[in-house]
Trainee: 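This is the structure I want to talk about, given as structure tokens.
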Amino acid sequence: MPQPQKSLTFFRRVVVIIKKIPRGQVATYGQIAALAGNPRAARQVAWVLHSAADKENLPWQRVINSQGSISLPRYGGYELQRALLVKEGVKFDSAERIDLVRFQWRPKIIKKKKENKPGARL
DNA sequence: CATATGACGATAT
DNA sequence: AATATCGCCATAT
């Protein structure tokens, strides 16, 4: 018997995650890789975008690098990505970087139960 | 199995 | 700050 819900491939998990990035916010390759279960697979996220951004209709423009900047080369998609983000309200500073503190998506950690320590002070 | 690819990330220089 | 180098690793072939 095959497992009822065999874990999805990394590829699929990444696709699902990227689709959840809210408009006006961004996520980094490494962040997405981590959410997909492998914090060291940032490059694979790039690969997923390369191979499926279009087919899967992903909000690919919301994925940027850990420096808060666009990874696509100038005249190779950079301008388009920048324009799409600006249109969503994302701001770029004078160094062409996005302030991650302001714009990075911070999904709620769903995880399992078990947290909630009554009386715990932080 | 062996190699190649890649919109990365961290570190060294 | 800008560039170079290396480590990583899911997929593709």
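Because only heavy atoms are used, hydrogens play no part in the values below, and waters and symmetry mates are left out as well, while side chains stay in. First the proteins, then the strands, lettered A, B, ... as listed; each starts at 1. These numbers come from a predicted model, not from an experiment.
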Trainee: Any side-chain N or O of A/Thr28 below 4.0 angstrom from OP1/OP2 of B/dC8?
Mentor: no
Trainee: Cation over ring, A/Arg74 on A/Tyr78, under 6.0 Å and within 45°?
Mentor: yes
Trainee: Take the protein atom CD of A/Gln67 and the nucleotide atom P of C/dA2, then report the distance between them rounded to whole Å.
Mentor: 11 Å
Trainee: Students often get this wrong, so: under 4.0 angstrom with heavy atoms, is A/Tyr78 touching a base, only sugar-phosphate, or nothing?
Mentor: nothing
Trainee: Measure the distance from CZ on A/Arg12 to C1' on C/dA10 and round it to the nearest whole Å.
Mentor: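 Rounded to the whole Å, the gap is 14 Å.
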Trainee: Can you hop from A/Leu8 to A/Leu35 via hydrophobic side chains spaced under 4.5 Å?
Mentor: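 No; tracing contacts between hydrophobic side chains, which count when under 4.5 Å, never links both residues.
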Trainee: Round to a whole Å and report the spacing from CG of A/Asn65 to C1' of C/dT3.
Mentor: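 About 15 Å, once rounded to whole Å.
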Trainee: Kindly indicate whether a cation-pi arrangement holds for A/Arg82 with A/Phe92, taking the cut-offs as under 6.0 Å to the six-membered ring centre and within 45° of the axis.
Mentor: yes
Trainee: Could you tell me the separation between the CZ atom of A/Arg40 and the P atom of B/dT11, rounded to a whole number of Å?
Mentor: 13 Å
Trainee: Let me know the distance between CH2 of A/Trp60 and P of B/dC8, rounded to the nearest Å.
Mentor: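 To the nearest whole Å, that distance equals 14 Å.
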Trainee: Expressed in angstrom and rounded to an integer, what is the separation of A/Phe11 atom CZ from C/dA10 atom C1'?
Mentor: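 Rounded to the whole Å, the gap is 11 Å.
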Trainee: Can you tell me the distance, in whole Å, between the CZ atom of A/Arg13 and the P atom of C/dT11?
Mentor: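 So the CZ-P distance, A/Arg13 to C/dT11, works out to 8 Å.
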Trainee: Please give, in whole Å, the distance from C/dT11 C1' to A/Lys55 NZ?
Mentor: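 Going from NZ in A/Lys55 over to C1' in C/dT11 covers 12 Å.
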Trainee: For C/dC8, does either OP1 or OP2 sit under 4.0 Å from a side-chain N or O belonging to A/Arg43?
Mentor: no
Trainee: Taking 4.0 Å as the cut-off, does a side-chain nitrogen or oxygen of A/Ser66 come that near to OP1 or OP2 on B/dA10?
Mentor: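 A/Ser66 to B/dA10 OP1/OP2: side-chain N or O found under 4.0 Å.
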Trainee: So does A/Asn38 get a side-chain nitrogen or oxygen closer than 4.0 Å to the phosphate oxygens (OP1/OP2) of C/dC8?
Mentor: no
Trainee: Scan A/Phe10 against the nucleic acid and name what it touches under 4.0 Å (heavy atoms): base, sugar-phosphate only, or nothing.
Mentor: sugar-phosphate
Trainee: Does one side chain, of A/Gln25 or A/Gln104, offer a donor that lies under 3.5 Å from an acceptor on the other?
Mentor: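 The criterion, which ignores hydrogens and geometry beyond distance, is not satisfied for A/Gln104 and A/Gln25.
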Trainee: Within the supplied structure, the quantity of interest is the number of heavy atoms (other residues, nucleotides, ligands) at a distance under 6.0 Å from A/Asp54 CG; does it exceed 12?
Mentor: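 Not more than 12 within 6.0 Å, no.
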